[in-house]
Amino acid sequence: KSPFIKTTSKNTPIVTRKEEYKKLEEAIGGWDRLMLLTAPIGYGKTTFMNQIKMSPPHDIKYVIGFNAYEPPKQIMKDITAKLPFFKKIFKGKPTQSSFGAYLEGVLQEEKLLLIFDEAQDYENDVFRWLRIINDYCDTVFMLFIGLGGLEDKISAHASLRDRKCKMLTLNPLRIEDLEDIVMQRIKWVGGEPPIPFTQEGIKRLCEAAQAIPRTLLDKGQTIIEYCAKKDIQVIGVEQVEEALGANKPRTEKIVVSPEKQRTPAPSDSFYEYLSPTQQEIVSFLLEREKASISEIGQAIGSDIRSTGSLIRKLRGQNPKEVERKPQVPYPVVIKRGKERRLGRLQGVFGLSDNARRLLSKTG
Ligand SMILES: Nc1ncnc2c1ncn2[C@@H]1O[C@H](COP(=O)(O)OP(=O)(O)O)[C@@H](O)[C@H]1O
Ligand SMILES: [Mg+2]
């Protein structure tokens, strides 16, 4: 098993973001109830959200994270599931329009933090509805996480325009942090760090990652695949450079220049444009002709709801995602009918012929 698989599942080792976490606590302490964090793909946004969920900021009683776009109904369900039973029971069942008042009654002085990952995918009505909750309930804090541009989207949105949104940032990770990630990940897959690397080899890899955790994983994977092929046992500085050098043409394709972004075309290497979890799904489906949502979810360690949402995206059913990623030849995944699984008829999904062809071309 590779130490460089891309995953943000719960047991993945991480280095905690102390500075950023402190800034978040300060913002909450200063009653900044709307907060915004944007960074490109792979900078560690989702991982930071997981860190916050695992250790709720000082003073915050409940933290609830949403992985991907959720309609208000689902948001209400997830929130109420988290509230203690004895408090809910006297307040009755809320509707979408009474939810703000309901929450304020249940929470009283207790603070709730809602985190919306991939917030660039949220519909305007959801923002409008969240604004109303924000109005009703002054112990609800919201952190919107997403790609660059989210900021404009939120400030352009009529109902949030007049609200002050506190900006948070993710700092670049230090070389030592990246080294720490590699060492921890080797241990995580049962190895004895730094083996198969030398300490200097790891350092060289971390320098090449340019402070971006996802780049670290990409390059690390490239290196161990290269060394496995060449039967290299000990990976030092030279081997790292050789492996990354040999792979230059391909890694350069990943860098998207602004011009390319404007005149893009579906690309052979579209894999690089998928999110890490989408990549896991695609790799899984490369090996299987078809699978149900629950089978895919199990394989990638994600719950059914977020798996469903990822499959929708891969099928090209999320217009924003399609617009944002013109390099991806949608649909990547198609429905391949229904099959009986565990006694129930379930939809099964597989790669589109085109996606499979493009992926096998690049290897
Ligand atoms: N602080 C961190 N410590 C360890 N690994 C990290 C950290 N931040 C990100 N990663 C790893 O880098 C990859 C990309 O991170 P992710 O949080 O998914 O980025 P984003 O959500 O910004 O696209 C993931 O596989 C994750 O495990
Ligand atoms: Mg993410």
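Start at 1 and go down the list; that is how both ligands and their atoms are numbered. Atom set for the values below is all heavy atoms of this structure, side chains included, hydrogens, waters and symmetry mates excluded. Please read all numbers here as calculations on a predicted model, not as lab measurements.
Although no hydrogens or angles enter the test, the distance criterion places no donor-acceptor pair under 3.5 Å between the side chain of Thr307 and the main chain of Ile293.
For Leu217, the side chain to side chain contact (heavy atoms under 4.5 Å, CB included) partners at least two apart in sequence or on another chain are Phe4, Lys6, Arg185. The side chain to side chain contact (heavy atoms under 4.5 Å, CB included) check on Pro84 picks up Tyr62, Phe86, Lys87, with sequence neighbours excluded.
In the model, Arg357 has a side-chain atom that pairs as donor or acceptor with a side-chain atom of Asn354 under 3.5 Å.
The 12-atom threshold is exceeded at CD of Glu110, counting heavy atoms of other residues, nucleotides or ligands nearer than 6.0 Å.
In this structure, Met142 CE and Arg33 CZ are separated by 7.5 Å, a value rounded to the nearest 0.5 Å.
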Salt bridge (charged side-chain N to carboxylate O under 4.0 Å, His left out) for Asp121 and Lys320? Distances and angles first, verdict last.
CA-CA 7 Å; Asp121 292 345; Lys320 302 218 173 84; over 6 Å; no

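Aromatic rings of Tyr102 and Phe99 (six-membered ring for Trp) have centroids within the 6.0 Å cut-off, being under it.
Protein N/O/S atoms found under 2.8 Å from the Mg ion (ligand 2): Thr46 OG1.
The aromatic rings of Phe127 and Tyr122 are tilted relative to each other, their planes meeting at an angle between 30° and 60°.
Within 4.0 Å of ligand 1, counting heavy atoms only, the contacting residues are Lys6, Thr7, Thr8, Pro13, Ile14, Val15, Pro40, Ile41, Gly42, Tyr43, Gly44, Lys45, Thr46, Thr47, Ile181, Arg185, Pro213, Arg214, Leu217.
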